[in-house]
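Single-structure report; data block below.
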Amino acid sequence: MAVPISQMWTVATYVLKKRLAGEKKYPLVLMLEPLFRCNLACAGCGKVQYPPHILKKQLSPAECFAAVEECGVPMVSLPGGEPLLHPDIVEIVNGLIARKKYIYLCTNALELKKRLPEFTPSKYLTFSVHLDGQREHHDMSVCREGGYDLAVEGIKEAVARGFRVTTNATFFDGTDPNSVRAFFDEVMSMGVEGIVLSPGYSYEKAPDQQHFLGRAKTRRLFRAILSNRKKSWKFNMSPLFLEFLMGKRNYECTAWGSPAYNIFGWQKPCYLLQDGYVDTFQELLDTTDWENYGTASGNPKCANCMVSCGYEPTAVSAGFGSLSGFFAMAKAALFGTYADKGALDLLNNHTTFVAQRDHFVHVDSITTAAKLEETRA
């Protein structure tokens with residue numbers, strides 16, 4: 001099983017306590033961004049386009065701990081930017097471990113092999129390595145040749161040292177599902193605990209606006225990728241969320257399930273959109289007009305979104321919030337291979353997923369944005 005029993009139990013009891021207490025809006029994982037600075041400039045990223053004086057700023061360990069304690073989450077994701085560039089990242093990680101929080105340190109792994117001796121393996125710490133597919137595809141995605149090989153070196157070293165390791169992939173328009181399935185074989189052979197994946201989100205600040213997926217394309221792509229599944233593939237995600245990506249379930253966004261905190265404060269309404277900032281988590285809950293977000297709202301910024309930070313909390317709450325949800329989750333986790341002849345036909349029809357994504361994207365060369373297909377149905 002990709003997610004350890006102790007972690008599942010912690011999340012399950014947390015959700016049940018919130019349900020019994022009658023709380024309708026509660027966080028599951030804090031998206032804690034200690035900095036925006038990075039050693040890559042990926043064309044699909046909306047975080048590294050800030051001016052230099054912003055990129056130089058970072059949260060202190062005390063600010064990180066205060067945010068975690070304020071919202072009370074069982075899990076913390078440390079994205080960025082590149083967290084391993086933070087001079088106090090070891091202190092931050094150790095402090096979160098001492099608080100018994102399950103941590104996903106998201107990293108492109110360019111610095112991972114060098115920094116590993118500073119960390120201690122723990123069931124609470126997972127290195128979530130950004131790996132967007134096989135070598136050529138990943139290097140195009142991160143706009144750096146050789147990025148894949150450096151990441152794989154870091155993964156293998158971390159696994160050898162006894163750390164929990166997952167891979168974290170974002171897929172865009174033009175992704176070849178056959179290549180993704182081969183990629184799953186590759187990463188599982190490296191000894192990783194599991195795979196995390198998500199469709200890309202069209203950040204307003206992202207230089208490349210031409211390759212984000214609409215919802216219909218997302219379902220078609222993930223149906224092809226995740227149907228007829230190999231038993232050797234392990235996913236460090238809610239199986240119900242994966243079914244949502246495949247078009248088998250309908251969920252609404254619960255953005256409060258993955259609140260974001262960074263150098264500006266608590267970000268409204270979510271990790272992906274920037275509609276203002278507030279000083280406290282309670283203020284985020286109380287002052288955000290949640291009905292104005294999600295696909296049902298008609299908000300064009302949300303129309304094509306199926307990203308994990310908005311929809312996986314919904315799936316997790318559905319899975320642990322009722323007996324029927326729990327049995328559906330267990331069935332999907334234990335027996336879900338999803339035989340689907342139609343999905344095999346999609347894999348064999350190579351033109352279905354063709355897009356012009358056969359070259360490195362230079363961030364200074366993109367000046368226009370393509371209109372995403374509107375597929376809220």
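Bear in mind that the values here come from a model prediction, so they are computed numbers and not experimental data.
Between the NE2 atom of H86 and the SG atom of C64 there is a distance of 6.0 Å, given to the nearest 0.5 Å. Taking NE2 from H137 and CZ from F172, the interatomic distance works out to 7.5 Å, rounded to the nearest 0.5 Å. Taking CG from L96 and CG from L30, the interatomic distance works out to 9.0 Å, rounded to the nearest 0.5 Å. Going from atom NE2 of H138 over to atom NE2 of H130 covers 6.0 Å, rounded to the nearest 0.5 Å. Going from atom CZ of F264 over to atom NZ of K57 covers 6.5 Å, rounded to the nearest 0.5 Å. Taken from OH in Y102 to NZ in K123, the straight-line distance is 4.0 Å, to the nearest 0.5 Å.
C253 is not listed as a side-chain neighbour of T295, based on a closest heavy-atom distance of 4.5 Å or more. In this structure, R99 and V76 have side chains that are not in contact, with every pair of non-hydrogen atoms separated by 4.5 Å or more. Between C143 and L40, every side-chain heavy-atom pair lies at or beyond the 4.5 Å cut-off. Proximity of T287 to K268: side-chain heavy atoms (C-beta onward) are separated by under 4.5 Å at one or more points. Counting heavy atoms from C-beta outward, M306 and L245 have side chains that approach closer than 4.5 Å. Under the 4.5 Å side-chain criterion, counting only non-hydrogen atoms from C-beta, P269 is in contact with W290. Between L240 and F244 there is no side-chain heavy-atom pair separated by less than 4.5 Å. With a 4.5 Å cut-off on side-chain heavy atoms, P199 and N304 do not count as touching.
Taking the six-membered ring where the residue is Trp, Y26 and Y14 present perpendicular rings, their angle passing 60° and hence far from 30°. Aromatic ring pairs are classed by plane angle as parallel below 30°, tilted from 30° to 60° and perpendicular above 60°; the pair Y50 and F36 is parallel. Relative orientation of the F235 and F184 rings is perpendicular, given thresholds of 30° and 60° on the angle between their planes. Using cut-offs of 30° and 60° for the angle between ring planes, the F183 and F171 rings count as perpendicular.
Between the D289 side chain and the E291 main chain, no donor and acceptor come within less than 3.5 Å of each other. Panel note: side chain R115, backbone L84; a donor-acceptor pair is recorded below 3.5 Å. With Q7 contributing its side chain and P4 its backbone, the two residues share no donor-acceptor pair below 3.5 Å. In terms of modelled atom types and a separation under 3.5 Å, the side chain of E70 and the main chain of F281 share a donor-acceptor contact. One N or O on the side chain of D139 and one on the backbone of Y148 form a donor-acceptor pair closer than 3.5 Å. A side-chain donor-acceptor contact under 3.5 Å links N299 to the backbone of N292. Between the side chain of S189 and the backbone N or O of E186 there is at least one donor-acceptor pair closer than 3.5 Å. At distances below 3.5 Å, not a single donor-acceptor pair connects side-chain atoms of R37 with backbone N or O atoms of G81. For the pair D88 (side chain) and E91 (backbone), a donor-acceptor distance under 3.5 Å is absent. Of the possible donor and acceptor atoms, none in the side chain of E33 sits under 3.5 Å from a partner among the backbone N and O of I263.
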**Message:** As a quick check of understanding, evaluate side-chain contact (heavy atoms from CB on, under 4.5 Å) for D185 and W233, giving each step before the final call.
**Reply:** CA-CA 7 Å; D185 290 334; W233 298 346; 2.9 Å; yes
**Request:** Output, in order, the C-alpha distance, side-chain angles, deciding distance and verdict of side-chain hydrogen bond (donor to acceptor under 3.5 Å, both in side chains) for E82 and N108.
**Result:** CA-CA 7 Å; E82 171 51 55; N108 56 40; 3.3 Å; yes
**Request:** Under the side-chain contact (heavy atoms from CB on, under 4.5 Å) rule, what do Y271 and V307 come out as? Steps first, then yes or no, please.
**Result:** CA-CA 10 Å; Y271 176 69; V307 179; over 6 Å; no
**Item:** salt bridge (Lys or Arg N to Asp or Glu O under 4.0 Å) assessment of E193 paired with R164
**Value:** CA-CA 6 Å; E193 180 178 285; R164 294 180 60 190; 2.7 Å; yes
**Prompt:** Do H53 and K56 pass the side-chain contact (heavy atoms from CB on, under 4.5 Å) test, and can you show the C-alpha distance, the side-chain angles, and the key distance before you say yes or no?
**Reply:** CA-CA 5 Å; H53 73 280; K56 291 178 182 178; 5.6 Å; no
**Candidate pair S122 and I103, rule side-chain contact (heavy atoms from CB on, under 4.5 Å), full reasoning** = CA-CA 10 Å; S122 167; I103 310 154; over 6 Å; no
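Here the closest non-hydrogen pair linking R215 and C305 is NH1-O, 2.6 Å. Annotation for G342 and D340: closest pair N-OD1, 2.9 Å, computed over non-hydrogen atoms. Nearest heavy atom pair, residue P83 against residue L35, reads CA-CD2, 3.9 Å. Between V29 and S77 the shortest heavy-atom distance is CG2-N, 3.7 Å. What you find for S317 and R19 is that their closest heavy atoms are O-NH2, 3.2 Å. Closest approach of A255 to C270, counting heavy atoms only: CB-CB, 3.8 Å.
Both Y311 and W256 belong to a common hydrophobic cluster when Ile, Leu, Val, Met, Phe, Trp and Tyr are linked at side-chain heavy-atom distances under 4.5 angstrom. Under the 4.5 Å side-chain heavy-atom criterion for grouping Ile, Leu, Val, Met, Phe, Trp and Tyr, M188 is connected to L226 within one hydrophobic cluster. Placement of L242 and F326 within a single hydrophobic cluster is found when ILVMFWY residues are connected by side-chain heavy-atom separations under 4.5 Å, directly or transitively. Under a hydrophobic-cluster definition in which Ile, Leu, Val, Met, Phe, Trp and Tyr are linked whenever side-chain heavy atoms come within less than 4.5 Å, directly or via other members, L78 and L85 are assigned to different clusters. Put simply, M190 and L116 are part of the same group of oily side chains (I, L, V, M, F, W, Y) that touch within less than 4.5 Å, one to the next.
Every residue meeting the side-chain contact (heavy atoms from CB on, under 4.5 Å) condition with A151, not counting sequence neighbours, appears here in chain and number order: A109, V129, L131. Considering only residues two or more places apart in sequence or on other chains, F127 meets the ring pair (Phe, Tyr, Trp, His ring centres under 6.0 Å) condition with F119, F163.
Test P27, C71, P259 against L284 for side-chain contact (heavy atoms from CB on, under 4.5 Å) and you get one pass: P259. Looking at N236, N168, T166, T126 one by one, the single match for side chain to side chain donor-acceptor pair (under 3.5 Å) with Y104 turns out to be N236.
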Using residues 330-338 as the side-chain source, report each donor-acceptor pair under 3.5 Å to any protein atom, sequence neighbours left out, with the distance given to one decimal.
| unit_1 | atom_1 | unit_2 | atom_2 | d |
| --- | --- | --- | --- | --- |
| Y338 | OH | E243 | OE2 | 2.6 |

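A salt bridge links D345 with K341: at least one charged nitrogen is closer than 4.0 Å to a carboxylate oxygen.
When only modelled atom types and interatomic distance are considered, S238 and E312 share no side-chain donor-acceptor pair under 3.5 Å.
Crowding of N250 atom CG: a count of heavy atoms from other residues, nucleotides or ligands under 6.0 Å not exceeding 12.
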